[in-house]
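This report concerns only the one structure given below.
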Amino acid sequence: MSVQKSVKRITTHVLREMKMKGEKIAMLTAYDYSFARILDEADLDVILVGDSASNVMAGFDTTLPITLDNMIYHAASVVRGVKRALVVVDLPFGTYQGNSKEALISAVRIMKETGAGAVKLEGGKQIIESVERILSAGIPVMGHLGLTPQAIHKFGTYVVRAQEEEEAKRLVEDAVLLEKTGCFALVLEKIPAKLAEKVAGMVKIPVIGIGAGPGTDGQVLVVHDMLGINQEFSPRFLRRYHNLYTEIKGAVQAYIDDVKSLRFPNEKEQY
Ligand code: KIV
């Protein structure tokens, strides 16, 4: 039996075992109770309460505006819908960079107020003190390298990262440092597939890719993107498993027609 099927609850330890046995890890985002329940009951391994909530839930252009209180609201809702998956929560922009004490306070709030299993932070060497301090409190940390959307104003563009040798070298160093410091897993976003495969082969912790090719230990997508709720976003790496935008719009139009033409409610739909 696979590691994933043999356990009642997915933990950081289980993910490590999955990597050792060559079992791929499936991760998606969720931001609310109803979606989280469906994902968990479908047997997803990891649910990420991503700060992409800032885009897909709140309608902002970037992930920067979302607050710690917003993330706690989303994460607590998700946790109430989950029995089995590991729930990881993004620390939002401005709550951990440059001040490791504040980072610890933010991470502790997430763990205490949501019941999640781990936090995720973007960056390598420049945030290592924050990572160390959070880990010292016994809170599992997932790293995130490559395209780190909280730094979008520094990058100035959402193009593929680490294509140049120097940035690729820095990314490898950061990955090794995050592993050495004690991170339990790593997200690599939008980097060349060969580089992602190399990193996954170098470190013992699971590496989850998004737009990073098939050579990582698992994959993550934003659930609204893979279900086709968000039609405007269509990068090359995205596979759409459904076209929910069209389905939901069609259902809403049918409801409007029924109401206006007095077809709803019918005799059986009343008291
Ligand atoms: O916020 C998010 O959804 C993420 C994933 C894209 C990895 O960080």
Side-chain angles (χ1 to χ4, degrees), residues 15 24-32 35-36 39 44-68 70-75 77-78 85-97 106-107 110 114 116-124 127 131 140-152 155 158-162 171 174-175 178 183-191 196 199-200 205-213 216-227 229-230 233-240:
L15 297 182
K24 296 283 184 186
I25 297 163
M27 168 161 138
L28 285 172
T29 63
Y31 317 99
D32 64 54
F35 261 83
L39 270 45
L44 187 73
D45 301 313
V46 186
I47 296 182
L48 172 67
V49 185
D51 58 357
S52 49
S54 182
N55 308 104
V56 297
M57 300 302 288
F60 289 113
D61 283 342
T62 72
T63 58
L64 275 66
I66 201 159
T67 66
L68 185 58
N70 294 156
M71 289 303 294
I72 287 171
Y73 169 79
H74 286 298
S77 309
V78 165
L86 176 69
V87 178
V88 181
V89 184
D90 266 337
L91 280 191
F93 176 67
T95 65
Y96 63 95
Q97 297 98 336
S106 308
I110 288 196
T114 75
V119 296
K120 176 163 83 60
L121 277 67
E122 294 182 7
I127 56 140
V131 173
V141 175
M142 177 181 269
H144 183 157
L145 298 172
L147 178 66
T148 48
Q150 291 178 13
I152 190 59
F155 296 145
Y158 284 99
V159 296
V160 181
R161 304 305 313 175
L171 186 141
D174 278 341
L178 288 170
C183 285
F184 74 92
L186 194 56
V187 166
L188 292 181
E189 181 165 354
K190 222 172 174 187
I191 64 166
V199 173
I205 57 175
V207 174
I208 319 283
I210 172 164
T216 53
D217 305 302
Q219 300 292 329
V220 56
L221 286 175
V222 169
V223 75
H224 287 61
D225 299 340
M226 61 82 77
L227 290 177
I229 296 176
N230 177 9
F233 187 65
S234 54
R236 190 201 302 190
F237 69 78
L238 175 63
R239 184 177 298 178
R240 284 222 175 89

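Counting starts at 1 for both ligands and their atoms, in listed order. Since this is a predicted model, take the numbers as computed values, not measurements. Count residues from 1 along the sequence.
Contacts between Asp51 and ligand 1 below 4.0 angstrom, taking non-hydrogen atoms only, involve backbone and side chain alike.
By the 4.0 Å heavy-atom criterion, His144 is counted among the residues contacting ligand 1. Residue contacts with ligand 1 leave out Glu122, since none of its heavy atoms falls under 4.0 Å from the ligand.
The protein heavy-atom contact nearest to atom 6 (C) of ligand 1 is Ile210 CD1, 3.7 Å. Nearest protein neighbour of atom 4 (C) of ligand 1, counting heavy atoms only, is Leu48 CD2, 3.5 Å. The shortest contact between atom 2 (C) of ligand 1 and any protein heavy atom is with Ser52 OG, 3.3 Å. Closest protein heavy atom to atom 8 (O) of ligand 1: Lys120 NZ, 2.9 Å.
Classification of the Tyr31-His224 ring pair by plane angle, with boundaries at 30° and 60°, yields tilted.
Atom numbering of ligand 1 starts at 1 in the shown order; those under 4.0 Å from a heavy atom of Val222 are 3 (O). Residue Thr29 has at least one heavy-atom neighbour below 4.0 Å for each of these atoms of ligand 1: 3 (O).
Side-chain atoms of Asp217 do not come within 3.5 Å of backbone N or O of Ile208 as any donor-acceptor pair.
Put simply, the side chain of Leu221 reaches to within 4.5 Å of the side chain of Phe237, judged on heavy atoms.
Between Asp90 and ligand 1, a contact under 3.5 Å exists for at least one N or O pair. Residue Glu189 has no N or O atom closer than 3.5 Å to an N or O atom of ligand 1.
At a cut-off of 3.5 Å, with distance as the only test, no side-chain donor of Ser54 or Asp51 sits close to an acceptor on the other residue.
Across all their heavy atoms, Leu15 and Pro206 have their closest contact at O-CG, 3.5 Å. The two residues Lys24 and Thr216 have their closest heavy-atom pair at NZ-O, 2.6 Å.
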**OP:** Carefully, step by step, assess Met142 and Met27 under the rule side chain to side chain contact (heavy atoms under 4.5 Å, CB included).
**Re:** CA-CA 13 Å; Met142 177 181 269; Met27 168 161 138; 3.9 Å; yes

